[in-house]
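Counting convention: from 1, in listed order, for ligands and their atoms alike. Just so you know, these numbers come straight off a predicted model, no measurement behind them.
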Amino acid sequence: MSDPSFAYRSSPYRYIARYRDGKWEDGYLSRDENIVLNESACVLQYAQNVFEGLKARKTREGRIIIFRPDRNAARMRESCERMAMPPYPEELFLRAVDETVRANANVIPSCEDGSSFYLRPFMIGTDPVLGVKPATEYEFRIFGSPVGRYFSRMIKLRICDLDRVAPHGTGHVKAGLNYAMSLYAITEAHALGYDENLYLDSASRTYIEETGGANIFFISRDGKLITPRSDTILPSITRDSLLTVASEYLGIRTEERPVRIDEIPDFAECGLCGTAAVISPVQSIDDHGNIHTFFREISQEDSVTQRIKKVLTEIQEGRRPGPDGWIHEVSFT
Ligand code: PLP
Ligand code: COI
């Protein structure tokens with residue numbers, strides 16, 4: 001791709017389905033990238049929306065493959081349930097993803113330079129409400145955008161004093177409101193020269209949670225992969241996959257457990273993981289002026305992070321077989 005950034009670029013077709021009178025109507029492809037809504041639509045007044053993110057990749061041989069779309073379908077159902085929205089049936093979600101990819105096949109870039117076609121399924125409450133209650137009508141859409149890398153350099157994080165989610169809140173689902181909560185903090189972080197915020201658990205401010213748009217992992221000095229366990233972070237499909245890659249492909253020991261903020265200096269490496277972030281190494285974490293720098297003792301290229309990233313991206317790009325069911329190939333026949 002000539003401009004390899006992570007940004008919205010309109011593609012020719014999007015998939016649309018509407019929920020009315022208690023049921024989902026047949027979906028269709030549309031060239032119209034705009035949505036016209038009533039001024040009191042539930043999504044506009046009370047933020048009733050959920051979304052997903054997944055990537056279609058065009059391989060060297062011209063096949064188009066998608067990484068674990070069944071996990072996104074299931075997570076979107078869980079997000080809908082938490083947001084009092086009618087889930088879009090998982091098998092229809094998967095069919096809609098394929099239709100969107102097929103319709104836009106000629107704008108999907110080759111994955112060879114790290115580019116992909118980022119798919120953004122989402123759902124919004126569309127009918128007018130004024131009292132606080134869920135909508136009765138919904139729109140499900142999938143659009144796609146050719147994208148490049150989310151992070152263009154090694155990441156500088158700062159510990160954030162603001163919270164994006166709450167205990168017993170919505171941190172474990174992919175609802176737009178969690179991201180709205182992070183907009184002030186990300187603007188401030190960028191202005192101060194950081195790439196992302198690292199959030200702590202809002203109950204005790206003792207444990208590491210995740211960043212605004214990705215999960216976090218650490219590599220201990222003895223080479224173990226450690227990721228935070230928490231009920232208030234998004235269960236990342238990339239993180240689940242890298243835990244499998246580490247243990248089953250590379251023989252790396254893994255631990256999913258609460259990670260205290262005061263453990264940061266014990267770790268040799270740190271990275272972010274997510275669909276957009278893929279696996280991106282973290283250079284430093286700034287805890288109120290106390291800066292911890294990773295990858296001190298090893299070059300980035302020889303790191304455990306790099307070894308895991310190499311295998312995961314080979315699987316995601318169809319260059320190495322993955323576990324059963326991880327790669328879905330879009331059929332054109
Ligand atoms: N955490 C947050 C807050 C995210 O927005 C994302 C992105 O989807 C992730 C984690 C990573 O999840 P996944 O690997 O399923 O994309
Ligand atoms: C994704 O990785 O799919 C996300 O939704 C994260 C967002 C920051 C782009």
Side-chain angles (χ1 to χ4, degrees), residues 5-9 49-57 66-79 82 93 97 114-123 142-152 155 157 160 162-166 169-183 185-187 189-190 194-202 208-217 227-246 256 270-280 282 308-309 312-313 315-316 322 326:
S5 64
F6 190 91
Y8 174 78
R9 297 175 185 90
N49 105 318
V50 298
F51 70 99
E52 270 304 323
L54 67 167
K55 282 176 172 171
R57 293 176 170 91
I66 309 180
F67 186 66
R68 306 187 75 181
D70 55 324
R71 300 307 311 145
N72 297 92
R75 191 170 64 187
M76 188 153 182
R77 174 180 46 70
E78 287 157 18
S79 299
R82 179 62 181 83
F93 177 106
V97 164
S115 300
S116 60
F117 190 60
Y118 182 77
L119 291 151
R120 175 53 66 86
F122 69 100
M123 194 194 293
I142 306 179
F143 67 83
S145 178
V147 295
R149 289 177 217 295
Y150 195 75
F151 293 108
S152 52
I155 298 161
L157 298 179
C160 187
L162 300 173
D163 295 324
R164 74 186 278 278
V165 299
T170 54
H172 60 300
V173 298
K174 211 161 165 56
L177 64 96
N178 297 334
Y179 298 79
M181 286 286 282
S182 73
L183 296 178
I186 194 70
T187 306
H190 286 164
Y194 304 99
D195 301 291
E196 254 287 15
N197 288 297
L198 180 54
Y199 292 95
L200 302 181
D201 78 289
S202 43
I208 291 168
E209 295 253 286
E210 63 173 333
T211 65
N215 278 181
I216 192 164
F217 64 90
T227 62
R229 179 191 296 285
S230 163
D231 293 339
T232 49
I233 64 176
L234 191 74
S236 159
I237 297 160
T238 315
R239 178 173 87 154
D240 180 76
S241 310
L242 74 90
L243 285 167
T244 301
V245 163
E256 204 184 330
C270 175
L272 300 188
C273 60
T275 299
V278 191
I279 292 183
S280 301
V282 170
I308 300 172
K309 179 176 178 175
L312 184 64
T313 50
I315 295 171
Q316 288 177 327
W326 275 21

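Considering backbone and side-chain N/O of Arg239, none are found under 3.5 Å from N/O of ligand 1. Here's the thing with Arg164: none of its N/O atoms is less than 3.5 angstrom from an N/O atom of ligand 1. Where the criterion is an N or O separation shorter than 3.5 Å, residue side chain and backbone included, Tyr118 meets it with respect to ligand 2. By the 3.5 Å distance cut-off applied to N or O atoms, Ala277 is not counted among the residues near ligand 2. The N/O atoms of Gly53, backbone and side chain alike, include none that comes under 3.5 Å of an N/O atom in ligand 1.
Between Leu157 and Ile216, the closest side-chain pair of non-hydrogen atoms falls below 4.5 Å. Looking at heavy atoms from C-beta onward, Phe67 lies in side-chain contact with Leu312 at the 4.5 angstrom threshold. Looking at heavy atoms from C-beta onward, Phe117 lies out of side-chain contact with Arg57 at the 4.5 angstrom threshold. Residues Phe93 and Asn72 meet the side-chain proximity criterion, which asks for heavy atoms closer than 4.5 Å. Within the 4.5 Å cutoff, no side-chain heavy atoms of Val278 are placed close to those of Thr238.
Taking atom 6 (C) of ligand 2 as the reference point, the nearest protein heavy-atom neighbour is Gly213 O, 3.6 Å. In this structure, the protein non-hydrogen atom closest to atom 7 (C) of ligand 2 is Arg120 NH2, 4.4 Å. Counting protein heavy atoms only, atom 6 (C) of ligand 1 is closest to Gly213 O, 3.3 Å. In terms of protein heavy-atom proximity, atom 8 (C) of ligand 2 is closest to Tyr150 OH, 3.4 Å. Protein heavy atom in closest approach to atom 2 (O) of ligand 2: Ala276 N, 2.8 Å. For atom 5 (O) of ligand 1, the closest non-hydrogen atom on the protein side is Tyr179 OH, 2.5 Å. Counting protein heavy atoms only, atom 8 (O) of ligand 1 is closest to Lys174 NZ, 3.0 Å. Looking from atom 16 (O) of ligand 1 to the surrounding protein, the closest heavy atom is Thr275 OG1, 2.6 Å.
Close contacts between ligand 1 and Gly274 involve ligand atoms 11 (C), 14 (O), 16 (O) [criterion: under 4.0 Å to a heavy atom]. Close approach to Gly53 involves these atoms of ligand 2, each under 4.0 Å from a residue heavy atom: 3 (O). The contact set between ligand 1 and Arg75, taken as ligand atoms under 4.0 Å from a residue heavy atom, comprises 12 (O), 13 (P), 15 (O). Proximity to Phe51 (heavy-atom distance under 4.0 Å) selects the following atoms of ligand 2: 5 (O). Of all the atoms in ligand 1, the ones that sit under 4.0 Å from a non-hydrogen atom of Thr238 are 13 (P), 14 (O).
Only the side chain of Glu210 comes within 4.0 Å of ligand 1, judged by heavy-atom distances. Looking at Ser236 against ligand 1, both its backbone and its side chain come within 4.0 Å, counting heavy atoms.
In this structure, Arg71 places its CZ atom where only 12 or fewer heavy-atom neighbours from other residues, nucleotides or ligands lie under 6.0 Å away.
A salt bridge does not link Lys174 to Glu52: none of the charged nitrogens lies less than 4.0 Å from a carboxylate oxygen. A salt bridge links Arg164 to Glu210: one of the charged nitrogens lies within less than 4.0 Å of a carboxylate oxygen.
Taking the six-membered ring wherever Trp is involved, the centroid distance between the rings of Tyr150 and Phe6 falls below 6.0 Å.
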Problem set entry | From CA spacing to verdict: side-chain contact (heavy atoms from CB on, under 4.5 Å), Val50, Met76 | CA-CA 7 Å; Val50 298; Met76 188 153 182; 3.9 Å; yes
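Only one option out of Val282, Leu272, Ile279 pairs with Phe217 in a side-chain contact (heavy atoms from CB on, under 4.5 Å); it is Ile279.
Side-chain contact of Ser145 with Arg120: a donor-acceptor pair under 3.5 Å is absent, judged by distance alone. There is no side-chain donor-acceptor pair under 3.5 Å between Thr227 and Glu256.
The closest non-hydrogen atom to atom 3 (C) of ligand 1, taken over Ala277, Ala276, Pro235, Gly212, comes from Gly212. Distances from atom 5 (O) of ligand 2 to the heavy atoms of Glu52, Lys174, Lys55 show the closest one on Lys174.
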